[in-house]
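Beneath this line is the structure, given in structure tokens, with notes to follow.
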Amino acid sequence: MCSEPLELEYLYTALPGYELLLHDGVASRSSPLALARHWQPDVVLFTAYITDVGTVIKLARQLKGLTKAPLIFVGGVQAEVTPKIFDDEAIDGVFYHNQLQGIAATLHHIQHSTDFTLTPGALFRRDGALQYNPPGGETMPLPIPKRVLFERNPSRYRYLHYRKCAVVKSSFGCPGQCSFCFCRQMNGGKYTVRDLDTVIAEIAGIEAAETIFIVDDNFLVNRARVLEFCDKLQASGINKQFIVYGTASFIADNPTIMARLREIGLRSVIVGFEFISDNALHEVAKSTSVANNDATVAICERLGIDLIALFIVDPQWHHADFRALAAYLQQKQLTFATFSVLTQFPDNSEVLPADTRWWRYNLLHLHAKPTHMSPDRFYCWLMYLYLLPGLNISSLRRMIRQCGFWQAMRTLLLSSITGVEQLGKLLLWR
């Protein structure tokens with residue numbers, strides 16, 4: 001998988017009139033520090049998930065050591081929810097609300113030599129510490145982004161066997177209350193949506209894309225809005241493949257809407273199944289049931305929609321719990337599935353040590369010794385679960401049928417290489 005860096009393209013769109021260099025740290029192998037030495041920027045902006053907090057802080061310190069030290073600011077998803085974890089003397093500010101407008105206002109102040117530390121919705125370093133500025137009104141609507149990175153090389157961006165995959169955001173937050181989920185803390189804990197006419201216009205303008213990945217935390221929320229999306233998309237004449245996130249409860253309750261989505265281009269849906277018992281689902285406040293999960297498998301199979309099922313494994317599990325999940329995967333013949341280790345993320349009130357190993361928050365690593373087995377056995381079970389869907393002959397046949405023999409082989413090969421790499425990291429990076 002290589003996702004279009006939409007947040008960087010939004011920055012490009014929101015900052016006209018400045019000389020900008022966008023560096024995609026996932027797709028590019030060039031060194032940000034080497035680029036900074038050559039380019040000598042006045043300001044460096046970072047966006048990163050929790051796994052790269054340490055990387056951002058390390059780079060910020062190195063950048064401050066340059067002959068011409070830039071101002072350094074951080075934004076993005078992690079900064080929105082837990083801005084304090086970026087508190088380091090090398091970082092001059094962190095944007096947590098109305099970020100695009102806040103960054104634009106800050107750069108305007110810098111350009112005109114006025115006090116940028118008064119910009120609302122951010123933390124700025126004053127008197128040796130990051131200090132809050134309260135939010136400044138309602139969040140401004142997103143502009144239609146200029147996709148300068150995607151248009152430069154659309155073939156670079158893919159999701160599994162879906163090629164030329166562009167990313168679109170049509171809503172913010174999630175109305176669910178799942179206790180384990182980071183997404184429900186975003187957007188101030190509120191669920192808001194973008195105007196659908198604007199979303200359709202944005203999709204229509206991405207001519208180079210074969211696939212549109214709608215990265216809403218949950219696209220399948222409101223029946224009326226989903227149907228309106230279908231109607232407007234069909235009326236526009238857009239012919240694209242779509243990938244969305246959704247819930248098993250919506251899919252199970254709305255098979256006719258899923259059929260309608262399939263007609264207008266839905267090819268894959270990512271669904272959080274989480275657990276295979278109703279008691280476990282109830283314990284994490286997941287508003288669904290195993291019956292809904294089973295119905296989702298059947299509906300997607302009948303409609304020819306790729307189902308990517310997301311599961312959680314608990315460090316308190318016995319061997320029997322892993323065996324039960326493995327049996328479920330084989331019974332349902334799931335082609336695509338992922339497995340995350342149940343992880344407690346830090347909140348904004350916690351002060352974590354400077355040597356925190358942030359990469360351990362990748363939803364694969366343990367943060368404590370498993371209750372009923374050794375860490376090595378736990379990781380072996382985890383790898384076994386990841387291997388099961390790919391080893392299922394029906395899964396391989398389905399992939400060949402949907403995307404052709406060579407593309408299926410390519411996906412299988414790359415997945416196997418990634419799996420071996422991840423297993424090595426799990427066993428070595430303690």
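Given the structure is predicted, the values throughout are model-derived calculations rather than measurements.
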- Message: Can you tell me if Y49 has over 12 outside heavy atoms packed within less than 6.0 Å of its OH?
- Response: no

- Taking all non-hydrogen atoms of both residues, which atom of P32 and which atom of L59 are closest, and how far apart? CG-CD1, 4.1 Å

- Message: Just so I know, are the side chains of Q99 and V77 near enough to count as touching, which here means a heavy-atom distance under 4.5 Å?
- Response: no

- Message: Do Q241 and T211 pair up side chain to side chain, a donor and an acceptor below 3.5 Å, judged on atom types alone?
- Response: yes

- Distance-only donor-acceptor check, side chains E9 and T13, under 3.5 Å: no

- Query: Under 4.0 Å between a Lys/Arg side-chain N and an Asp/Glu carboxylate O for R147 and E202?
  - Reply: yes

- Query: Which residues pass the salt bridge (Lys or Arg N to Asp or Glu O under 4.0 Å) test with D92, sequence neighbours left out?
  - Reply: K64

- Query: Counting only heavy atoms not in Y12, do more than 12 sit closer than 6.0 Å to its OH atom?
  - Reply: no

- Item | Pairwise distance CZ(F95) to OG1(T47) - rounded to 0.5 angstrom | 12.5 Å

- Message: Is there a side chain to side chain contact (heavy atoms under 4.5 Å, CB included) between N218 and Y191? Walk through the geometry before answering.
- Response: CA-CA 10 Å; N218 183 4; Y191 174 71; 5.9 Å; no

- Query: Given side chains that start at C-beta, do those of R377 and H319 come closer than 4.5 Å, heavy atoms only?
  - Reply: yes

- Note on the structure: Hits for salt bridge (Lys or Arg N to Asp or Glu O under 4.0 Å) against R126, two or more places apart or cross-chain, chain-then-number order -> none

- In terms of the angle between their ring planes, are W381 and F322 parallel, tilted or perpendicular, with boundaries placed at 30° and 60°? parallel

- Rounded distance (nearest 0.5 Å) linking atom NZ of K164 with atom CD of E4: 14.0 Å

- Salt bridge check: are K58 and D88 linked by an N-O gap of less than 4.0 Å? no

- Inspect the surroundings of NZ in K146 and state if more than 12 heavy atoms from other residues, nucleotides or ligands are less than 6.0 Å away. no

- Task: Decide yes or no for D216 and V244: does some side-chain heavy atom of the first lie under 4.5 Å from some side-chain heavy atom of the second?
- Result: no

- Query: Any luck finding a side-chain donor-acceptor pair between D306 and Y162 under 3.5 Å?
  - Reply: yes

- Can you see which heavy atom on I238 is nearest to which on I200, and at what distance? CD1-O, 3.8 Å

- Check whether any side-chain heavy atom of P141 sits under 4.5 Å from a side-chain heavy atom of D195, and report yes or no. no

- Query: Considering residues at least two apart in sequence or located in another chain, which fulfil the salt bridge (Lys or Arg N to Asp or Glu O under 4.0 Å) criterion with E89?
  - Reply: none

- Would you give the length of the straight line joining atom CD1 of I243 to atom CD1 of I212, rounded to the nearest 0.5 angstrom? 9.5 Å

- Query: Is there a side-chain contact between Y157 and L149, using heavy atoms and a 4.5 Å cut-off?
  - Reply: yes

- Query: When rounded to the nearest 0.5 angstrom, what distance separates NZ in K369 from CE in M373?
  - Reply: 9.5 Å

- Task: Check N222 against A224 and note the closest heavy-atom contact, atom names and distance.
- Result: OD1-N, 2.9 Å

- Query: Nearest heavy-atom pair of F124 and G93: which atoms, and what distance?
  - Reply: CD2-CA, 3.9 Å

- Message: Checking R156 now: which residues fulfil salt bridge (Lys or Arg N to Asp or Glu O under 4.0 Å) with it, not counting sequence neighbours?
- Response: none

- Message: Using side chain to side chain contact (heavy atoms under 4.5 Å, CB included), reason through V53 and F86 one step at a time and then give a plain yes or no.
- Response: CA-CA 7 Å; V53 170; F86 292 100; 3.9 Å; yes

- Message: For a side chain to side chain contact (heavy atoms under 4.5 Å, CB included) check, start with the C-alpha distance between L123 and Q131, then their side-chain angles and the critical distance, and finish with the verdict.
- Response: CA-CA 5 Å; L123 290 75; Q131 299 184 22; over 6 Å; no

- Query: Where is the tightest heavy-atom contact between I299 and P255, given as atom of each residue plus distance?
  - Reply: CD1-CB, 4.0 Å

- Message: Would F219 and V269 count as a side chain to side chain contact (heavy atoms under 4.5 Å, CB included) here? Give the steps.
- Response: CA-CA 10 Å; F219 181 71; V269 61; over 6 Å; no

- Task: Please name all residues satisfying side-chain contact (heavy atoms from CB on, under 4.5 Å) with A208, sequence neighbours left out, ordered by chain then number.
- Result: F150, P154

- Item | Nearest-0.5 Å distance that lies between atom NE2 in H318 and atom CZ in R323 | 11.0 Å

- Is the shortest heavy-atom distance from the side chain of Q344 to the side chain of H367 under 4.5 Å? no

- Query: Any side-chain donor-acceptor pair under 3.5 Å between N133 and Y96?
  - Reply: no

- Query: Taking atom CZ of F182 and atom CG of D347, what is their separation to the nearest 0.5 Å?
  - Reply: 11.0 Å

- Message: Taking ring-ring contact (aromatic ring centres under 6.0 Å, His included) as the criterion, tell me which of Y328, F311, W317 meets it with F339.
- Response: F311

- Message: We want to know whether D278 and S289 form a side-chain donor-acceptor pair, criterion being a heavy-atom distance below 3.5 angstrom.
- Response: no

- Query: Are N293 and F275 side-chain neighbours, meaning at least one heavy-atom pair lies under 4.5 Å?
  - Reply: no

- Query: Under 4.0 Å between a Lys/Arg side-chain N and an Asp/Glu carboxylate O for K232 and D197?
  - Reply: yes

- Heavy-atom side-chain proximity of D314 to D321 below 4.5 angstrom: no

- Message: Ring-plane angle category for F336 and H161, please: parallel below 30°, perpendicular beyond 60°, tilted otherwise.
- Response: parallel

- Query: Can you list every pair that meets salt bridge (Lys or Arg N to Asp or Glu O under 4.0 Å) and has a residue in residues 279-293, with sequence neighbours left out?
  - Reply: E274-K286

- Note on the structure: For P120 and P135 the tightest heavy-atom approach is CB-C, 4.0 Å

